Amino acid sequence: MRRGPALSRRRRCRRRVGRHGIDAAVRYLTGHAGHLRYDQALAAGWPIPTGLIEGAVGHIVGDRLEITGARWGLAGAEAVLTLQAVIANGDLPAYWDHHLTQERRRGRQRVR
């Protein structure tokens, strides 16, 4: 196993990044505690739509990222999943208009 300052810097960085994610999750769950009362929802007979959500995730993620032989980086996967979600929601025409407007604006800024 390699030792030295570079390894300890990597470990400190991983700890900070990991801790940041944990802190963000705790803040989210604490801030939304009132919405997370599944016991009360089930007692009231309300449905918990986790199956629906899992199905949507399977459709959006599975159809695109689980292609045999495909290798995805984080940026590419995020771009593909965003586009897949836009298409699945029926928002492609509005998104495409926005995208073209932004590209034109960026093009004008480069020319100046």
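Worth knowing before you read on, the calculation uses all heavy atoms, side chains too, and leaves out hydrogens, waters and symmetry mates. Here the structure is a predicted model, which is why all the values come from computation and not from measurement.
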In Å and rounded to the nearest 0.5 Å, what is the [atom1] to [atom2] distance from [X] to [Y]?
X: Leu92; Y: Asp97; atom1: CG; atom2: CG; answer: 9.5 Å
X: Leu83; Y: Glu78; atom1: CG; atom2: CD; answer: 12.5 Å
X: Leu42; Y: Ile48; atom1: CG; atom2: CD1; answer: 4.5 Å

Would you indicate whether the side-chain heavy atoms of Arg37 and Asp39 approach each other to under 4.5 Å?
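Yes, their side chains come closer than 4.5 Å.
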Any side-chain heavy atom of Thr101 sitting closer than 4.5 Å to one from Arg104?
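A side-chain contact exists here, since the closest heavy-atom pair is under 4.5 Å.
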So, applying side chain to side chain donor-acceptor pair (under 3.5 Å) with Glu103, which one of Arg105, Arg106, His99 is it?
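With Glu103 as partner, side chain to side chain donor-acceptor pair (under 3.5 Å) holds for just one option, Arg106.
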Verify the cluster assignment for Leu81 and Trp72: are they in a single hydrophobic cluster under the rule of side-chain heavy atoms below 4.5 Å apart?
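They do share one cluster, since a chain of ILVMFWY contacts under 4.5 Å joins Leu81 to Trp72.
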Hey, quick one: are Tyr28 and Ile53 part of the same hydrophobic cluster, counting side-chain heavy atoms closer than 4.5 Å, chains of contacts allowed?
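In one cluster: no.
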